[in-house]
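Presented below is the structure to which this report refers.
Order of the sequence lines sets the chain letters (A, B, ...), proteins ahead of strands, with each chain counted from 1.
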Number of protein chains: 2
Amino acid sequence: MYTIGAMSKATGVKVPTIRYYEEIGLLDEPGRNAGNQRRFDQAGMDALGFIKHARDLGFSLDDIRALMGLDGQLGDDCAEADQIARSQLENVRERIAKLEQLARELERISHLCDGGNGGCCKVLTALADHSQCAGDHG
Amino acid sequence: MYTIGAMSKATGVKVPTIRYYEEIGLLDEPGRNAGNQRRFDQAGMDALGFIKHARDLGFSLDDIRALMGLDGQLGDDCAEADQIARSQLENVRERIAKLEQLARELERISHLCDGGNGGCCKVLTALADHSQCAGDHG
DNA sequence: CTTGAAGCTCTAGTGGCTAGAGCAACTACA
DNA sequence: TGTAGTTGCTCTAGCCACTAGAGCTTCAAG
């Protein structure tokens, strides 16, 4: 049996966040001791570890709910779980591409100021005027 | 003079978002016509364009507030604006690095399912067990 | 038996919007 | 001038995934 603090330490999920996961039904309500404090079992610990890891991988809580719903069933779990993971990968790749475009743009803007220029700030001008941009970020 | 709808069309910022920017003091309150509808001038249009572009580049509304505060002043505007832009670039680069790590991890997990395997879903197992991960994402 | 850490519930706030209700005003056409 | 349809207005509430704080109770160590 684990206290909520022990769960937090073991998984790296903050205490209020654990209570939040319980509140939204992502974590099963654990038992309570005589003093109304939560006491988690190993299944609770495993579930929280799963959630933490999936969160770190960028899955939404809804995705995680779906993934956890699959667990323990037979049949096409794997196809479905795989689908969710692949779609998340797609998502991550898109975000990377977009951020790389932004980084290029920001680099360009930053370079405008390298030597310092009297009075008129080119960074602000660049931000004000999209037409100066190389690519079509955003 | 532009209506809020014209502003929206011209910049790509949605109408409620424009009102929101005004509410939080990011956009100056525009004048109103006899029927209490907003009528923006060119300065308002330029400001909204600036905000949109900076948002597309990933700046927070707080950053944008700071950048707009600099505009029109003399002296070290440029240094300060440059600093904000560079710090945003740093931020974007970090996010890219983190996402790339996640993509690698997700790829690894997805490959586990390539051939299909009977009954036990390796994707779910991989998600449950961080120790299988190659790098230290998250 | 006391003290301090850890637990509890509850409310409210974060960022950056988005959605909807229920109206008022404007615009185009007949 | 009438009317229909679009656009505008304010206000409240909701989204995601937490985070912070108040004010209290319970637990564990010495």
Side-chain angles (χ1 to χ4, degrees), chain A residues 1-27 29-41 44-45 47-48 50-68 88 91-92 95 98 102 138, chain B residues 1-27 29-40 44-45 47-48 50-68 84 88 91-92 95 98 102 138:
Chain A
M1 290 301 195
Y2 308 99
T3 64
I4 197 167
M7 295 277 285
S8 174
K9 230 172 240 169
T11 60
V13 178
K14 287 182 191 159
V15 168
T17 304
I18 298 173
R19 288 197 276 250
Y20 169 73
Y21 288 159
E22 181 190 325
E23 188 190 323
I24 63 168
L26 197 59
L27 266 183
E29 291 187 22
R32 303 282 181 131
N33 73 353
N36 197 36
Q37 300 193 345
R38 289 169 182 79
R39 290 296 179 265
F40 293 87
D41 58 13
M45 178 69 90
L48 187 57
F50 181 94
I51 294 168
K52 174 61 158 66
H53 193 191
R55 282 297 293 143
D56 284 347
L57 289 168
F59 290 91
S60 72
L61 295 185
D62 262 5
D63 279 343
I64 294 171
R65 213 189 289 270
L67 286 165
M68 291 176 85
Q88 174 60 15
N91 184 336
V92 168
R95 278 155 69 198
K98 200 166 171 203
L102 294 191
Chain B
M1 288 300 193
Y2 308 99
T3 65
I4 198 167
M7 296 278 284
S8 174
K9 231 172 237 169
T11 60
V13 178
K14 287 183 190 158
V15 167
T17 305
I18 298 173
R19 287 196 276 251
Y20 170 72
Y21 288 161
E22 181 190 325
E23 189 190 325
I24 63 169
L26 197 60
L27 266 183
E29 291 187 22
R32 302 283 180 130
N33 73 352
N36 197 36
Q37 299 193 345
R38 290 168 182 80
R39 290 296 179 265
F40 293 87
M45 178 69 89
L48 186 57
F50 181 95
I51 295 168
K52 175 61 159 65
H53 193 192
R55 282 298 292 143
D56 283 348
L57 288 168
F59 290 90
S60 72
L61 295 186
D62 263 5
D63 279 344
I64 294 171
R65 214 188 288 271
L67 286 165
M68 292 177 84
I84 293 173
Q88 173 60 15
N91 185 335
V92 168
R95 277 154 69 198
K98 200 167 171 204
L102 294 192

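Straight-line distance from the CG atom of A:Asp62 to the P atom of D:dC16: 7 Å, rounded to whole Å. Computed from coordinates, the B:Asp63 CG to C:dG16 P distance equals 9 Å when rounded to whole Å. The interatomic distance linking A:Glu22 (CD) with C:dC8 (C1') rounds to 12 Å, in whole Å. Rounded to whole Å, atom C1' of C:dA6 lies 14 Å from atom CZ of A:Phe40. Atoms CD1 (B:Ile64) and C1' (C:dC17) sit 13 Å apart, rounded to a whole Å. Rounded to whole Å, atom P of D:dA20 lies 15 Å from atom OH of A:Tyr20. What separates CZ of A:Arg65 from P of D:dC16 is a distance of 9 Å, to the nearest Å. The CD1 atom of A:Ile24 sits 13 Å away from the P atom of D:dT19 (whole-angstrom rounding).
Shortest non-hydrogen contact noted between B:Leu102 and A:Gly58 is CD1-N, 4.4 Å. Contact detail for A:Gly44 and A:Leu27: the closest heavy-atom pair is O-CD2, 4.1 Å. Annotation for A:Ala10 and A:Met45: closest pair CB-CE, 3.6 Å, computed over non-hydrogen atoms.
At a threshold of 4.5 Å between non-hydrogen side-chain atoms, the residues A:Val13 and A:Met7 do not count as touching. Under the 4.5 Å side-chain criterion, counting only non-hydrogen atoms from C-beta, B:Ile24 is in contact with B:Leu61. Proximity of B:Lys52 to B:Leu48: side-chain heavy atoms (C-beta onward) are nowhere separated by under 4.5 Å.
Computed from C1' positions of five pairs at each end, the angle between the two local axes of the helix from C:dC1-D:dG30 to C:dA30-D:dT1 equals 0°, rounded to 10 degrees.
Within the 4.0 Å cut-off from OP1 or OP2 of D:dC18, not a single side-chain nitrogen or oxygen of A:Lys14 is found. For the OP1/OP2 pair of C:dC17 and a distance below 4.0 Å, the side-chain nitrogens and oxygens of B:Tyr21 include at least one atom meeting the criterion. At C:dG16, none of the side-chain N or O atoms of B:Thr17 fall inside 4.0 Å of OP1 or OP2 (strictly under the cut-off).
Distance check: B:Leu26 CG to B:Ile64 CD1 gives 6.5 Å after rounding to the nearest 0.5 Å. Note that the CG atom of A:Asp56 and the CD1 atom of A:Ile51 stand 12.0 Å from one another [nearest 0.5 Å]. Interatomic distance, B:Phe50 CZ to B:Met68 CE, rounded to the nearest 0.5 Å: 6.5 Å.
Considering only side-chain atoms of B:Asn33, the nucleotide from D:dT19, C:dC17, C:dC26 that sits closest is C:dC26.
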Short N/O separations, protein against nucleotides 1-5 of chain C, under 3.5 angstrom:
none

**Request:** Sugar-phosphate means primed atoms, P, OP1 and OP2; the rest is base. With that split, encode nucleotides 2-14 of chain D 5' to 3' as B, S or - using protein heavy atoms under 4.0 Å.
**Result:** ------SSB----
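Under the side-chain contact (heavy atoms from CB on, under 4.5 Å) criterion, B:Asn91 pairs with B:Gln88, B:Arg95, sequence neighbours left out. Scored by the side-chain contact (heavy atoms from CB on, under 4.5 Å) test, A:Lys9 finds no partners at all (sequence neighbours excluded).
The side-chain hydrogen bond (donor to acceptor under 3.5 Å, both in side chains) analysis of residues 12-22 of chain B, with sequence neighbours excluded, yields the pairs B:Glu22-B:Arg38.
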